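Predicted model, so just to flag it, every value in this text is computed and none were measured. Whatever order the structure lists them in is the order used to number ligands and atoms, beginning at 1.
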Amino acid sequence: MNRSSTMARVDLDGNPIKPITICMIGAGGFIGSHLCEKLMHETPHTVFALDVYNDKIKHLLEPDSLPWAGRITFHRLNIKHDSRLEGLIKMADLTINLAAICTPADYNTRPLDTIYSNFIDALPVVKYCSENNKRLIHFSTCEVYGKTIGAFLPKDSLLRKDPAYFVLKEDESPCIFGSIEKQRWSYACAKQLIERLIYAEGAENGLEFTIVRPFNWIGPRMDFIPGIDGPSEGVPRVLACFSNNLLRGEPLKLVDGGQSQRTFVYIKDAIEAVLLMIENPARANGHIFNVGNPNNEVTVRQLAEIMIQVYSKVSGEKTPETPTIDVSSKEFYGEGYDDSDKRIPDMTIINKQLGWNPKTSLFDLLESTLTYQHRTYAEAIKKVIAKPVAS
Ligand SMILES: NC(=O)c1ccc[n+]([C@@H]2O[C@H](COP(=O)([O-])OP(=O)(O)OC[C@H]3O[C@@H](n4cnc5c(N)ncnc54)[C@H](O)[C@@H]3O)[C@@H](O)[C@H]2O)c1
Ligand SMILES: O=c1ccn([C@@H]2O[C@H](COP(=O)(O)OP(=O)(O)O[C@H]3OC[C@](O)(CO)[C@H]3O)[C@@H](O)[C@H]2O)c(=O)[nH]1
């Protein structure tokens, strides 16, 4: 249903929400596709969707008879070198920048591309917004926190259990990265510097900005399945890696024993938070927001175990005899990999400003996501596996 035509929409302070035009850079990616979907289904806003690819938003662009036709237009462009960028930002009320290289397998193997993508390429976007007095919502990452303070305490220290040593707060926690040889941190460092630049543009030139720090948002359409809709040798983020293993009946690979901890939030919950930021500028401007689900914390090993259980339920297939294997990070990611030990978002600021809370449990979000993965990829994988290998 297109609710925009039937319901009077008001912001958190009871004011009517006026339709705006949004320039969304990186709209063809995982988060962008869900955000475009939400904006088309539930709001009257117009979107200029900028990306190099549009496969994940094709269903919103065609056919012309869709109820939101005319409210979303795709602009195939690379922001590294396209003179149309400034014009599109000028024509919009708000720019949302999602474009980035953001898969850990790239950080230590393509550090230059990673730094250029996350810092250099984002610079003109910030500049055009600042010079043209346009509001900017910039996507950073929870990785700017790096490691927790607790990670440096002795293993048996009781302080490790004290939230003061591991809960990540936007306005208090330090950013703790590894040495320069640990090129894993090229991404986090580039994201941190662009955050500092945006913050400084706000302080010195009055840029209206919001910075989003996503904490492992997961759901349908995340990344790709190697050899099906992405390169065979590609290494996506953990949800897609484990989905690929499950679809192929292979053991799930636990990097360095799968001891790192993450909190996972369902993409649909997280998109609600972004919509609140879009439609409540007075409450969102000038803020950095953690967006995650502190209740969904697991080790990567536990994530693998739950995914194996849930996949068996949704696919009807037996669990593999060897469900997981341990691999070293050097073997899996190569030289220069390092990891965040633990990521629990503090929710005080987003709660106070936007009243947002995540709703979906890890089990439920994995059930709907793995149902999607099975429905979308199982047949294609079967065909690939059945193909005889050329001798
Ligand atoms: N998904 C998460 O959990 C998560 C966590 C932390 C941070 N983030 C941040 O959120 C943003 C979006 O992440 P995502 O998960 O949707 O990633 P994604 O890779 O699915 O989407 C990024 C999109 O940006 C596009 N893009 C990249 N460079 C571009 C360029 N030069 N010109 C035009 N388009 C370009 C890509 O084609 C892709 O469609 C990123 O900035 C990422 O760092 C995401
Ligand atoms: O097959 C695999 C793949 C990964 N791991 C381990 O899982 C942990 C999480 O990995 P991943 O989701 O790929 O990425 P990170 O959480 O480390 O980093 C992301 O966080 C946010 C973002 O900024 C954008 O999404 C990105 O940098 C990790 O410990 C891997 O080693 C595994 O065991 N097996």
Practice task
Go through the steps for Asp339 and Arg184 under the test salt bridge (charged side-chain N to carboxylate O under 4.0 Å, His left out), then give the verdict.
Solution key: CA-CA 8 Å; Asp339 207 354; Arg184 155 61 185 257; 3.8 Å; yes

Exercise for the section: Grab the two heavy atoms, one from Arg343 and one from Glu143, that are nearest each other, plus how far apart they are. Expected result: NH2-CG, 2.8 Å

Exercise for the section: Answer side chain, backbone, both or neither: which part of Arg237 comes under 4.0 Å from ligand 1, heavy atoms only. Expected result: side chain

Completion exercise
Tyr187 heavy atoms within 4.0 Å reach ligand 1 at atoms 7 (C), 42 (C), 43 (O)

Exercise for the section: May I ask whether Lys191 has any heavy atom positioned less than 4.0 angstrom from an atom of ligand 1? Expected result: yes

Practice task
Kindly assign one of parallel, tilted or perpendicular to the pair Tyr187 and Tyr107, based on the angle between their ring planes and the thresholds 30° and 60°.
Solution key: parallel

Exercise for the section: Verify the distance criterion only: is there a donor paired with an acceptor across the side chains of Asp338 and Trp185 at less than 3.5 Å? Expected result: yes

Exercise for the section: Could you list which atoms of ligand 1 come closer than 4.0 Å to a heavy atom of Gly29? Expected result: 20 (O), 21 (O), 38 (C), 39 (O)

Completion exercise
Nearest heavy-atom approach of Thr371 to Glu367 is OG1-O, 2.6 Å

Problem - Side-chain H-bond candidate by donor/acceptor type, Gln373 with Ser243, under 3.5 Å - result: yes

Handout entry: Stepwise side-chain contact (heavy atoms from CB on, under 4.5 Å) test for Arg301 and Thr324
Key = CA-CA 9 Å; Arg301 179 178 287 279; Thr324 59; 4.2 Å; yes

Practice task
Identify whether NZ of Lys or CZ of Arg in Arg213 sits under 6.0 Å from the centre of the six-membered ring of Tyr145 and within 45° of that ring's axis.
Solution key: yes

Exercise for the section: Would you kindly say whether Glu297 and Thr263 are connected by a side-chain donor-acceptor distance under 3.5 Å? Expected result: no

Practice task
Could you find the nearest protein heavy atom to atom 44 (C) of ligand 1 and give me its residue, atom name and distance?
Solution key: Ile31 CD1, 3.7 Å

Practice task
Report the C-alpha distance between Lys147 and Asp341 in whole Å, list the side-chain angles of each, state the deciding distance to 0.1 Å, and finish with yes or no for salt bridge (charged side-chain N to carboxylate O under 4.0 Å, His left out).
Solution key: CA-CA 6 Å; Lys147 300 176 188 232; Asp341 52 307; over 6 Å; no

Handout entry: ligand 1 contacted by Ser33 (non-hydrogen, < 4.0 Å)
Key = no

Completion exercise
If we number the atoms of ligand 1 from 1 as shown, the ones under 4.0 Å from a heavy atom of Gly26 are 23 (C), 24 (O), 25 (C)

Practice task
Provide, to 0.1 Å, the distance between atom 37 (O) of ligand 1 and the closest protein heavy atom, together with that atom's residue and name.
Solution key: Asp51 OD1, 2.7 Å

Practice task
Compute whether any side-chain donor of one residue and acceptor of the other, for Asp106 and Thr114, lie under 3.5 angstrom apart.
Solution key: no

Exercise for the section: Measure the distances from the heavy atoms of Ser117 to every atom of ligand 1 and state whether one is below 4.0 angstrom. Expected result: no

Practice task
Among all protein heavy atoms, pick the one closest to atom 40 (C) of ligand 1 and tell me residue, atom and distance.
Solution key: Leu98 O, 3.1 Å

Problem - Asn78 neighbourhood, listing ligand 1 atoms whose heavy-atom distance to it stays under 4.0 Å - result: 30 (C), 31 (N), 32 (N)

Exercise for the section: May I ask you to list the atoms of ligand 1 that are less than 4.0 angstrom from any heavy atom of Asn216? Expected result: 3 (O)

Practice task
Specify side chain, backbone, both or neither for Asn97, according to which of its non-hydrogen atoms lie closer than 4.0 Å to ligand 1.
Solution key: neither

Problem - Any N/O pair Trp217/ligand 1 closer than 3.5 Å - result: yes

Problem - Region of Cys102 that comes within reach of ligand 1 [heavy atoms, distance under 4.0 Å] - result: side chain

Problem - Joint cluster assignment, Ile288 & Ile194, ILVMFWY side-chain distance < 4.5 Å - result: yes

Fill in the blank from the handout: The atoms of ligand 1 lying under 4.0 Å from a heavy atom of Tyr53, numbered in the order shown, are 37 (O)

Practice task
Would you please indicate if the ring centroids of Tyr311 and His374 are separated by under 6.0 Å?
Solution key: yes

Problem - Between Ser130 and Glu201: side-chain donor-acceptor atoms closer than 3.5 Å - result: yes

Practice task
Ignoring hydrogens and angles, tell me if any N or O in the side chain of Ser157 forms a donor-acceptor pair with the backbone of Leu159 under 3.5 Å.
Solution key: yes

Problem - Numbering as shown, the atoms of ligand 1 that approach Thr141 to under 4.0 Å (heavy-atom distance) - result: 6 (C), 7 (C)

Check: every ligand 2 N/O to protein N/O pair under 3.5 Å:
{"unit_1": "ligand 2", "atom_1": "12 (O)", "unit_2": "Val238", "atom_2": "N", "d": "3.3"}
{"unit_1": "ligand 2", "atom_1": "13 (O)", "unit_2": "Val238", "atom_2": "N", "d": "3.0"}
{"unit_1": "ligand 2", "atom_1": "16 (O)", "unit_2": "Asn216", "atom_2": "ND2", "d": "2.9"}
{"unit_1": "ligand 2", "atom_1": "16 (O)", "unit_2": "Arg262", "atom_2": "NE", "d": "2.7"}
{"unit_1": "ligand 2", "atom_1": "16 (O)", "unit_2": "Arg343", "atom_2": "NH1", "d": "2.9"}
{"unit_1": "ligand 2", "atom_1": "17 (O)", "unit_2": "Arg184", "atom_2": "NH2", "d": "3.1"}
{"unit_1": "ligand 2", "atom_1": "17 (O)", "unit_2": "Arg262", "atom_2": "NH2", "d": "2.8"}
{"unit_1": "ligand 2", "atom_1": "18 (O)", "unit_2": "Glu143", "atom_2": "OE2", "d": "2.9"}
{"unit_1": "ligand 2", "atom_1": "20 (O)", "unit_2": "Arg343", "atom_2": "NH1", "d": "2.9"}
{"unit_1": "ligand 2", "atom_1": "23 (O)", "unit_2": "Thr141", "atom_2": "OG1", "d": "2.8"}
{"unit_1": "ligand 2", "atom_1": "23 (O)", "unit_2": "Tyr187", "atom_2": "OH", "d": "2.6"}
{"unit_1": "ligand 2", "atom_1": "25 (O)", "unit_2": "Arg237", "atom_2": "NH1", "d": "2.7"}
{"unit_1": "ligand 2", "atom_1": "27 (O)", "unit_2": "Tyr107", "atom_2": "OH", "d": "2.6"}
{"unit_1": "ligand 2", "atom_1": "27 (O)", "unit_2": "Glu143", "atom_2": "OE2", "d": "2.3"}
{"unit_1": "ligand 2", "atom_1": "29 (O)", "unit_2": "Asp339", "atom_2": "OD2", "d": "2.6"}
{"unit_1": "ligand 2", "atom_1": "31 (O)", "unit_2": "Tyr337", "atom_2": "OH", "d": "2.8"}
{"unit_1": "ligand 2", "atom_1": "33 (O)", "unit_2": "Lys253", "atom_2": "O", "d": "3.4"}
{"unit_1": "ligand 2", "atom_1": "33 (O)", "unit_2": "Val255", "atom_2": "N", "d": "2.9"}
{"unit_1": "ligand 2", "atom_1": "34 (N)", "unit_2": "Lys253", "atom_2": "O", "d": "2.7"}

Exercise for the section: Look at atom 5 (C) of ligand 1 and say which protein heavy atom is nearest, naming residue and atom and giving the distance to 0.1 Å. Expected result: Pro214 CB, 3.5 Å

Problem - Atoms of ligand 1, numbered as shown, that sit under 4.0 Å from any heavy atom of Ile79 - result: 30 (C), 31 (N), 32 (N), 33 (C)

Handout entry: 4.0 Å heavy-atom contact, Asp223 with ligand 1
Key = no

Exercise for the section: Only one of Phe264, Tyr266, Phe139, Phe30 passes ring pair (Phe, Tyr, Trp, His ring centres under 6.0 Å) with Trp217; say which it is. Expected result: Phe139

Exercise for the section: Give the residue, atom name and distance (to 0.1 Å) of the protein heavy atom nearest atom 29 (C) of ligand 1. Expected result: Ala99 CB, 3.8 Å

Exercise for the section: For atom 9 (C) of ligand 1, find the nearest protein heavy atom and state the residue, atom name and distance (0.1 Å precision). Expected result: Ser140 O, 3.5 Å

